[in-house]
Amino acid sequence: MRVVTTAHSPVDLAVEPTPLALLLLGREADPKSERGVECPGDLPSPSDPDLVERARAAKEKLGDKVFVLGHHYQRDEVIQFADVTGDSFKLAKDAAAKPEAEYIVFCGVHFMAESADILTSDDQKVVLPDLAAGCSMADMATAEQVAECWDVLTEAGIAEQVVPVSYMNSSADIKAFTGKHGGTICTSSNAKRALDWAFEQGGPEQTKVLFLPDQHLGRNTAVRDMGMSLDDCVVYNPHKPNGGLTAEQLRAARMILWRGHCSVHGRFSLDSVEDVRARIPGVNVLVHPECKNEVVAAADYVGSTEYIIKALEAAPAGSKWAIGTELNLVRRLANRFAPEGKEIVFLDKTVCFCSTMNRIDLPHLVWALESLAEGNLVNRIEVDKETESFAKLALERMLALP
């Protein structure tokens, strides 16, 4: 029983708040959710004027023992301390290519740190400054849900025809499932190559692909890049019996898309595109393939984060661009290219950061670096050996793609 004190007198409540209610209030942690894991330790105050100097001093004390990775969507205050920047897979490979670094501090989200642990040596320790920095998309496909989906495919008599292709933005468990069932991983840059490979495994007429966990990247790649129709795609909803699909629908489909999405890229709409074209005559609309199909279809250019950066680097002076991706990156690019006369704006009027990526702030980074400098290993991300083995198998299949 809990006691609530009002302005008048304490009131006894006979109803105990549920764990979900406490979680929503920020009073409890959900051990099964990346986004709800508590980060231990006392953090320095965000108002501490010495944070930058403290981070610099701790990093200098650690020297070559630490290698800091910064994802493109990180805050500027964090990016300034990154030894390398990039997308999740590039950063994981960069970490693996730095075997002398004892500590890999990954300024990104949980699945990215897992990938780094999978690809680095056993002697290297991967640290995530805030364990609550998860990924809403990765959270949308759990190992239990995917195992149940495979049972549904088996009962429909098509499991042997299905090749799983999982986006890099997935947990180690999902990558391991993919490897165990003969599938491969993909990034937003090589999704078409991964799907081409998958359909070659049993022939395009026989093979089906289970695409995890981002439905939009899977749909956009199949329809825009491979010439399939929207009717070739069905969406498996893990929250409905049998995924909300009949056995006949599963048998007729070529692409079985998991009902997942990016909380940032999923916000952009066709209205956003039409509005920015009306406001900025001659604007080029450039979006990430995690956006909805109608947004991708209405855009002028579509590509991964690295593609977006390179496109803006090559853009002529005086050109105008509306970018459909995370705001930290868009703002950084706008500042970078402003001296060249390139006008770069965020596609939507609504400000939208990646909330979980933004959990990695300067206080968390300072705490992690100072702890390591004092010899205290904190927030280590470690994938168990069996999961690592199958996940690495799926990643190696991707690396072997032509």
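Below, all heavy atoms of this structure are taken into account, side chains as well, without hydrogens, waters or symmetry copies. We number each residue from 1, following the sequence as shown.
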query: Relative to Phe211, does Arg219 satisfy both conditions: NZ or CZ under 6.0 angstrom from the six-membered ring centre, and within 45 degrees of the ring's axis?
result: no
field: Pair listing, ring-ring contact (aromatic ring centres under 6.0 Å, His included) test, anchored in residues 141-160, at least two apart
entry: Trp150-Phe177, Trp150-His181
- prompt: In Å, rounded to the nearest 0.5 Å, how long is the span from NZ of Lys93 to OG of Ser115?
  reply: 12.0 Å
query: Does the Gln124 side chain pair with the main chain of Ser121, one donor and one acceptor, at a distance under 3.5 Å?
result: yes
task: Flag this pair as yes if the NZ/CZ of Lys65 is under 6.0 angstrom from the six-membered ring centre of Tyr103 and inside a 45 degree cone about the axis; otherwise no.
output: no
- prompt: Roughly how far, to the nearest 0.5 Å, is the CG atom of Asp122 from the CD atom of Glu388?
  reply: 6.5 Å
message: Just checking Lys320: does its NZ atom have more than 12 heavy atoms from other residues, nucleotides or ligands closer to it than 6.0 angstrom?
response: yes
- line: Hits for salt bridge (Lys or Arg N to Asp or Glu O under 4.0 Å) against Asp275, two or more places apart or cross-chain, chain-then-number order -> Arg279, Lys349
field: Tyr301 ring center within less than 6.0 Å of Trp321 ring center
entry: yes
statement: Heavy atoms of Pro363 and Glu77 approach each other most closely as CD-OE2, 4.4 Å
- prompt: Are Ile79 and Arg332 close enough that some pair of their side-chain heavy atoms sits under 4.5 Å apart?
  reply: yes
Partners meeting salt bridge (Lys or Arg N to Asp or Glu O under 4.0 Å) with Glu343 (sequence neighbours left out): none
- request: Mark yes or no for whether Thr356, through its side chain, and Gly134, through its backbone, hold a donor-acceptor pair below 3.5 Å.
  value: yes
message: Between Gln145 and Thr142 (side chain of the first, backbone of the second, donor and acceptor by atom type, cut-off under 3.5 Å), is there such a pair?
response: yes
- request: Could you give me the CA-CA distance, side-chain angles and deciding distance for Tyr236 and Gln215, then say whether side chain to side chain donor-acceptor pair (under 3.5 Å) is met?
  value: CA-CA 9 Å; Tyr236 182 94; Gln215 60 171 307; over 6 Å; no
- prompt: How would you list, by chain and number, every residue that makes a salt bridge (Lys or Arg N to Asp or Glu O under 4.0 Å) with Asp300, sequence neighbours excluded?
  reply: Arg277
message: So which atom in Ala198 and which in Val165 form the shortest heavy-atom distance, rounded to 0.1 Å?
response: CB-CG2, 3.8 Å
- line: Residue set satisfying salt bridge (Lys or Arg N to Asp or Glu O under 4.0 Å) with Lys192, at least two apart, ordered chain then number -> Asp196
field: Glu100 atom CD, neighbour heavy-atom count above 12 within 6.0 Å
entry: yes
query: Can you list the steps and then say if Phe346 with Phe268 is a ring-ring contact (aromatic ring centres under 6.0 Å, His included)?
result: CA-CA 10 Å; Phe346 191 56; Phe268 298 116; 5.4 Å; yes
message: With a 6.0 Å cut-off (strictly less than), is the heavy-atom count around CD of Glu148, excluding the residue itself, greater than 12?
response: no
query: Under 3.5 Å, is there a donor-acceptor pair between the side chain of Asn220 and the main chain of Pro289?
result: yes
query: Minimum heavy-atom separation for Ile256 to Leu153, with atom names?
result: CD1-CD2, 3.9 Å
By side-chain hydrogen bond (donor to acceptor under 3.5 Å, both in side chains) - contacts of Thr325 (at least two apart): Tyr73, His265
- prompt: Within the side chain of Lys392, is there an N or O that forms a donor-acceptor pair under 3.5 Å with the backbone of Ala176?
  reply: no
Minimum side-chain heavy-atom gap Val296-Lys292 below 4.5 Å: no
message: Taking atom CD as the centre, does Glu53 end up with more than 12 heavy-atom neighbours from other residues, nucleotides or ligands that are less than 6.0 angstrom away?
response: yes
query: Looking only at heavy atoms, which two atoms of Trp258 and Cys149 are closest? And how far apart?
result: CZ3-CB, 3.7 Å
message: Assess the residue pair Thr187 and Asn190 against the criterion (side chain to side chain donor-acceptor pair (under 3.5 Å)); give the C-alpha distance rounded to whole Å, side-chain angles, the decisive distance to 0.1 Å, and a yes or no.
response: CA-CA 5 Å; Thr187 67; Asn190 68 8; 3.2 Å; yes
message: Can you tell me how far apart CD (Glu114) and OG1 (Thr387) are? Round to the nearest 0.5 Å.
response: 9.0 Å
message: Under the side chain to side chain contact (heavy atoms under 4.5 Å, CB included) test against Met137, which residue among Pro213, Ser263, Ser170 passes?
response: Pro213
- prompt: Can you tell me if CG on Asp384 sees more than 12 non-hydrogen neighbours from other groups inside 6.0 Å?
  reply: yes
query: Does Asn237 use its side chain to pair, donor to acceptor, with the backbone of Gly243 at less than 3.5 Å?
result: no
message: Please give me the minimum heavy-atom distance between Ala96 and Thr120, naming the atom from each residue.
response: N-CG2, 3.8 Å
statement: Heavy atoms of Cys262 and Asp214 approach each other most closely as N-OD1, 4.3 Å
query: Which is it for His72 and Glu306 under the side chain to side chain donor-acceptor pair (under 3.5 Å) test, yes or no, and what are the steps along the way?
result: CA-CA 9 Å; His72 285 307; Glu306 294 294 339; 3.0 Å; yes
- request: Would you mind reporting whether Thr221 and Arg193 have side-chain heavy atoms less than 4.5 Å apart?
  value: no
